[in-house]
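Right, one structure below, let's go through it.
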Amino acid sequence: MEMKNKNLSYGILAGIWLAVNFILLLCHEPWRDEAQTWLLARDLPFWKLPAQMSYEGHPCLWHMLIWPFVRIGLPYRMQSGLAFLIVSLAVLLFLFEARLPLFVKAAAVFSPMLTYYYPAIARNYCLIPLFLFLAAWWFPERFAHPWRYTLTMALLVQSHVIMIMTAFSLSLCFLCECILQFCRDRKGKAFGKRLASLSLPLGSAVFLLYELMNVESSSLLNVDTASVRRTLEKMMESTVEGTDTLLGISGYAGAAVFLLGVCLLFFMLLRSQAKARYTAAVTLTLTWGFQFWFYAMAYSFSVQRLLTFPLLILWAMWIVEAEEARAGKRAGHTGKAGAGGLVFCAFCAAALWHRMPDIGRDITEPYSNGKEAADFIQKEIPRRAVILTDNQAEVSAIFPYLDRKDFIYAPNMQHYTFVTWDEHWTERMDYDAFQRRMNSADLGEEPVYLISDKTHSYIDGSERFAQDYPLLYESAEASIKEEDYRIYRLQ
């Protein structure tokens, strides 16, 4: 009866979560980063996706999942639905399988790490909760089913570049456990099977190297070099900025909150008798160290990247509680996280309180005006017309809604359908040079239009367009991502 009541409670939580996040999904307008995935899947053969990742800076698993749906003609919003489905599976798995108390589960699923940022915004981050939770679910049976367990590490490698160290740490810990187990039982066949299973994350890592082998070509990723002292300083600075982003606590207070939280977490791990605490401690330490180095020296963080930190804490709590229950030390329990659970819930509540205004803005304001501009183009601009743009990235948010692939970037007059993040995508020109180019360009007898980004035009002096050309369209309301457009008739 008790288990039946708990399952009923989990079912109610799941139903509320599904309803809330489905509403958030409906209110969210896809933006340029979501458009880029769709456009790559639409315009590249399947076998070319891995090579393109050198410009994207992350693995292509998400693109490969999208690719077949694009090719059979499903609409653009299908991508959002797929992300929602994947995170929904992760939430259901967590609610019904994690041995954690109900109040921890409720706080976790309605915090920003599982609400809105992953299920409503369709990016490859949506894969991370599912793969982490699968790793936690299969952790107690890792010796009996090693291939299943190491598959989660291989998938984590292909989810996002920030999860590389997590997968490495899990692989390293599993290797050490296998060696220790062999030293105790001397079962060579079982040891060989477990060792062979690590070929999955190893193969995934090799494939990632292939995907990113020309990453220096990307203009988005530049690794800084600095002295050890300066590197540590920058890592601390990025840590404080991250605390401010998630909780709204900055400066020394942010650093103090972060350090106190880390100390409490490791104190709770040390108090546990489960051997899983070693895997948790090593994985958390190496992952956080790598990620803060990455944010400080290579690429800035975002909310979605920072939310992997509390997700990892959730994973650590799950595997420790599961092992203690399996060992019979809390027979039949569903988790008594104690003070650590209360602190984690307080963190979830604080993060939700701080991020709630941003979530609310997506409900009341357009996230991007891409669809509105696309609707105008479909209705008012003839299919045979030539369309120029003055910004590749922001304007690309319009493209998935259209059935044409012949846009021209005005500063270099190159055709493009998706953004290749090389040195050419930010080429600039001044207005007079644009005028001369238009007068000399052979664009035929067809009508010519320009989509201009209102905020980030790469034609200096773009405000002069309104003086010389008729303005046909202007975004009615400013969007959150500043994807706001004007459309001019040039000839």
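No donor-acceptor pair under 3.5 Å is formed between the side chain of E394 and the backbone N or O of D453. Using a distance-only test at 3.5 Å, with no hydrogens or angles considered, a donor-acceptor pair links the side chain of T243 to the main chain of T239. Side-chain N or O atoms of Y469 include none that pairs as donor or acceptor with a backbone N or O of Y449 at under 3.5 Å. A donor-acceptor pair is defined here as one N or O able to donate and one able to accept, closer than 3.5 Å; such a pair exists between the side chain of E29 and the backbone of Y367. In terms of modelled atom types and a separation under 3.5 Å, the side chain of Y118 and the main chain of Q304 share a donor-acceptor contact. Using modelled atom types, no side-chain atom of T245 and backbone atom of V303 make a donor-acceptor pair closer than 3.5 Å. A donor-acceptor pair under 3.5 Å is formed between the side chain of R437 and the backbone N or O of A410. Looking at Q158, its side chain does come within 3.5 Å of a backbone N or O of S204 through a donor-acceptor pair. In this structure, the side chain of N124 engages the main chain of S159 through a donor-acceptor pair within 3.5 Å.
More than 12 heavy-atom neighbours from other residues, nucleotides or ligands sit within 6.0 angstrom of CH2 on W147.
Applying the salt bridge (charged side-chain N to carboxylate O under 4.0 Å, His left out) test to E463 and every residue at least two apart in sequence or in another chain returns nothing. Every residue meeting the salt bridge (charged side-chain N to carboxylate O under 4.0 Å, His left out) condition with R486, not counting sequence neighbours, appears here in chain and number order: E474. Under the salt bridge (charged side-chain N to carboxylate O under 4.0 Å, His left out) criterion, E482 pairs with no residue, sequence neighbours left out. Residues passing the salt bridge (charged side-chain N to carboxylate O under 4.0 Å, His left out) test with D375 are K371, sequence neighbours excluded.
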Begin with the C-alpha distance, continue with both residues' side-chain angles, and end with the deciding distance and a verdict on ring pair (Phe, Tyr, Trp, His ring centres under 6.0 Å) for F133 and W318. CA-CA 9 Å; F133 292 167; W318 185 340; 5.6 Å; yes
What verdict does the side chain to side chain donor-acceptor pair (under 3.5 Å) test give for Q79 and W38, after you've listed the backbone C-alpha separation in whole Å, the side-chain angles of each residue and the deciding distance to 0.1 Å? CA-CA 8 Å; Q79 179 176 258; W38 182 267; over 6 Å; no
Side chain to side chain donor-acceptor pair (under 3.5 Å) assessment of S479 paired with S368: CA-CA 5 Å; S479 64; S368 166; 5.5 Å; no
With side chain to side chain donor-acceptor pair (under 3.5 Å) as the test, would you mind laying out the steps for E483 and N369 before giving the verdict? CA-CA 6 Å; E483 292 175 358; N369 281 311; over 6 Å; no
Evaluate ring pair (Phe, Tyr, Trp, His ring centres under 6.0 Å) for Y416 paired with F399, printing each intermediate quantity in order. CA-CA 11 Å; Y416 77 105; F399 297 171; 5.6 Å; yes
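Using a 4.0 Å cut-off between a side-chain N of Lys or Arg and a carboxylate O of Asp or Glu, E233 and R230 qualify as a salt bridge. A salt bridge is defined here as a Lys NZ or Arg NE, NH1 or NH2 lying under 4.0 Å from an Asp or Glu carboxylate O, and R428 with D390 fails to meet this definition.
Classification of the Y125-H160 ring pair by plane angle, with boundaries at 30° and 60°, yields parallel. Relative ring orientation between Y431 and F434 is described as tilted, the plane-to-plane angle lying within the 30° to 60° band.
No hydrogens or angles considered: a donor-acceptor pair under 3.5 Å links the side chains of H28 and D362.
Taking 4.5 Å as the limit, some side-chain heavy atom of T166 sits within range of a side-chain heavy atom of T283. Inter-residue side-chain proximity for M317 and V104 is flagged as met; some heavy-atom pair is nearer than 4.5 Å. Taking 4.5 Å as the limit, every side-chain heavy atom of H58 sits out of range of all side-chain heavy atoms of E211. The shortest distance between side-chain heavy atoms of I398 and V395 falls below 4.5 Å. No side-chain heavy atom of R148 sits less than 4.5 Å from a side-chain heavy atom of L151.
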With a 3.5 Å cut-off and sequence neighbours excluded, list the donor-acceptor pairs that the side chains of residues 400-407 form with protein atoms.
unit_1	atom_1	unit_2	atom_2	d
R404	NE	D406	OD1	2.9
R404	NH1	R383	O	3.3
R404	NH2	A385	O	2.5
R404	NH2	D406	OD1	3.2
R404	NH2	D406	OD2	3.3
K405	NZ	D43	OD1	3.3

Atom pairs and distances, side-chain donor-acceptor, residues 11-26, under 3.5 Å, sequence neighbours left out:
unit_1	atom_1	unit_2	atom_2	d
W17	NE1	V109	O	3.1
W17	NE1	L114	O	3.0
W17	NE1	T115	OG1	3.4
N21	OD1	Y116	N	2.9
N21	ND2	W17	O	3.0

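The side-chain tip of K454 does not point at the ring of Y485 from less than 6.0 angstrom away and within 45° of straight on.
Here the two rings, on Y473 and Y488, have centers that are 6.0 Å apart or farther. Annotation: F309 is in aromatic contact with F292 [ring centroid separation under 6.0 Å]. Note: W67 and F46 meet the aromatic proximity criterion, with ring centroids under 6.0 Å apart.
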